[in-house]
Amino acid sequence: MKKIISIITISALTVAVFSSCKKDHDHQQDFVTTLDPAYIKVVHIAPNFRQVFNTADSFNVYLNDNKLSGPLLTFNGGFPALTSNINTYAEVRQGTYRVSLKSSVNGNTILFLPRTLLEREKYSFLITDSVDRDNAYSSIWLKDEFTIPDTSKISLRFVHAVMNDTVGKAVDVYSKRYNANIFSGIAKKGATAFVEFPYTTQSDTLTVRRAGTLNALAVFNTASFSRKRVYTIVYKGSTTATSTKGKNILIYNNY
């Protein structure tokens with residue numbers, strides 16, 4: 001009888017210990033799976049990509065071995081869509097990644113860089129180039145820190161992404177509607193914080209000027225914004241190119 005009781009006791013203890021371990025394991029798994037994701041937007045604004053890398057300027061973007069972009073990413077394009085008010089970022093697991101650009105021709109890796117994407121953070125990865133070749137590759141990686149404006153406002157940020165702009169020179173952004181500069185003295189690769197402005201149904205003409213002058217470098221006519229939305233204004237292109245790859249302004253949605 002004593003032997004039977006001992007066996008029953010040991011069995012009960014074994015079940016209890018196993019159950020306890022299982023509960024701890026389940027709790028750990030719950031914690032891991034409830035981590036919030038990170039968010040990323042990729043924008044291709046490298047006018048001299050073909051010359052810098054001697055390959056087609058259309059490519060795919062990968063995080064580690066997983067393709068991030070949908071269709072091939074081409075100049076002036078982005079993923080997700082730049083003008084969408086929904087799904088403005090791709091949702092990914094938080095963590096450290098090898099961010100790669102892979103050729104549309106042969107699938108080879110053109111370049112890569114390590115990046116850590118933090119939980120609940122939003123990022124813009126602006127793919128640029130450097131025609132003076134002071135770096136083999138230049139990019140602008142931004143953490144998109146903004147609050148959603150109320151229904152009577154919009155929020156704007158400015159990025160100077162003309163990589164071969166005159167050394168030591170900066171730019172201003174002039175608003176015709178306000179008859180004033182809304183951003184001033186921004187140097188190459190510089191990015192402002194998000195700034196809130198009153199919402200209006202009227203469109204605006206935005207002009208990038210050489211800082212402190214009336215010298216217009218690029219103009220965006222009929223810029224219109226939706227209430228309670230967040231946007232990034234990018235001065236991009238090349239000072240030596242013409243057409244779509246010359247100096248111009250791109251506006252994309254953050255929210």
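For the pair Arg177/Gln202, a side-chain contact is recorded, criterion being any heavy-atom separation below 4.5 Å from C-beta on. In this structure the side chain of Ile127 never reaches within 4.5 angstrom of the side chain of Ile45, judged on heavy atoms. In this structure the side chain of Met163 reaches within 4.5 angstrom of the side chain of Lys189, judged on heavy atoms. Two residues are said to be in side-chain contact when any heavy atoms from C-beta on lie closer than 4.5 Å; Leu101 and Phe49 meet this criterion. Looking only at side-chain heavy atoms (C-beta outward), Val99 and Phe112 stay at 4.5 Å or farther from each other. Side-chain atoms of Thr55 and Ile110, non-hydrogen and from C-beta on, do get closer than 4.5 Å to each other. A heavy-atom distance below 4.5 Å is not found between the side chains of Ile154 and Val230. Counting only heavy atoms from C-beta outward, the side chains of Val195 and Ile182 never approach each other to under 4.5 Å.
Clustering ILVMFWY residues whenever any of their side-chain heavy atoms sit less than 4.5 angstrom apart, transitively, puts Leu82 in the very cluster that holds Ile140. If you chain together hydrophobic residues whose side chains sit under 4.5 Å apart, Tyr235 and Phe125 never meet in one group.
Gly185 approaches Ala170 most closely through the heavy-atom pair C-CB, 3.8 Å. Across all their heavy atoms, Phe220 and Ile249 have their closest contact at CD1-O, 3.5 Å. Considering every non-hydrogen atom in both Phe194 and Glu145, the closest pair reads CD1-O, 3.3 Å. For the residue pair Gly212 and Asp172, the shortest heavy atom distance occurs at N-OD2, 2.8 Å. Minimum heavy-atom separation, Ala38 to Leu118: CB-O, 3.2 Å. Heavy atoms only, all atoms of each residue included: Asn254 and Tyr231 are closest at OD1-C, 3.3 Å.
For the pair Arg209 and Tyr174, the distance from NZ or CZ to the six-membered ring centre is under 6.0 Å and the angle to the ring normal is within 45 degrees. Judged by a 6.0 Å distance limit and a 45° cone about the ring axis, Lys67 is not positioned over the six-membered ring of Tyr62.
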Residue pair Thr96, Thr116: steps toward the side-chain hydrogen bond (donor to acceptor under 3.5 Å, both in side chains) verdict | CA-CA 4 Å; Thr96 298; Thr116 298; 2.9 Å; yes

What do the steps show when you test Lys245 against Asp57 for salt bridge (charged side-chain N to carboxylate O under 4.0 Å, His left out), and what is the final call?
-> CA-CA 12 Å; Lys245 293 191 174 182; Asp57 62 357; 2.8 Å; yes

What's the verdict on side-chain contact (heavy atoms from CB on, under 4.5 Å) for Leu206 and Ile233, showing C-alpha distance, side-chain angles and the deciding distance?
-> CA-CA 10 Å; Leu206 301 176; Ile233 303 165; 3.8 Å; yes

Should Tyr252 and Ser124 be marked as a side-chain hydrogen bond (donor to acceptor under 3.5 Å, both in side chains) after you check the CA-CA gap, both sets of side-chain angles, and the distance that decides it?
-> CA-CA 10 Å; Tyr252 71 82; Ser124 285; 2.8 Å; yes

For Phe158 and Val171, what are the C-alpha separation, side-chain angles and deciding distance, and is it a side-chain contact (heavy atoms from CB on, under 4.5 Å)?
-> CA-CA 10 Å; Phe158 176 71; Val171 298; 3.8 Å; yes

Is there a side-chain contact (heavy atoms from CB on, under 4.5 Å) between Leu142 and Val159 once you walk through the steps?
-> CA-CA 10 Å; Leu142 302 172; Val159 180; 3.8 Å; yes

Val234 vs Val43, side-chain contact (heavy atoms from CB on, under 4.5 Å): CA-CA, chis, key distance, verdict = CA-CA 10 Å; Val234 185; Val43 185; over 6 Å; no

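Of the possible polar contacts, one joining the Asn248 side chain to the Thr244 backbone as a donor-acceptor pair under 3.5 Å is found. In this structure a side-chain-to-backbone donor-acceptor pair under 3.5 Å is present from Thr213 to Asn215. Using modelled atom types, one side-chain atom of Ser69 and one backbone atom of Val61 make a donor-acceptor pair closer than 3.5 Å. Between the side chain of Asp129 and the backbone N or O of Asn48, at least one donor-acceptor pair lies under 3.5 Å. For Thr166 (side chain) and Lys169 (main-chain N/O), no donor-acceptor pair under 3.5 Å exists by modelled atom type.
Aromatic ring pairs are classed by plane angle as parallel below 30°, tilted from 30° to 60° and perpendicular above 60°; the pair Tyr39 and Tyr89 is perpendicular. Between Phe183 and Phe197, the ring-plane angle classifies as perpendicular under the 30° and 60° cut-offs.
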Can you give the donor-acceptor pairs under 3.5 Å from side chains of residues 70-80 to other protein atoms, not counting sequence neighbours?
from  : atom 1 : to     : atom 2 : distance (Å)
Asn76 : OD1    : Lys236 : NZ     : 2.6

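With hydrogens and angles left out, the side-chain atoms of Ser58 and Ser104 include a donor and acceptor closer than 3.5 Å. Side-chain contact check for Arg157 and Thr192: no donor-acceptor pair (N or O, by modelled atom type) lies under 3.5 Å. With hydrogens and angles left out, the side-chain atoms of Asn253 and Thr88 include no donor and acceptor closer than 3.5 Å. Looking at Asn164 and Ser238, their side chains do bring a donor and an acceptor atom within 3.5 Å of each other.
The pair Lys188-Asp165 does not meet the salt-bridge criterion, since no charged nitrogen lies less than 4.0 angstrom from a carboxylate oxygen.
Atom-to-atom distance recorded for Ile251:CD1 and Thr232:OG1 is 10.0 Å, nearest 0.5 angstrom.
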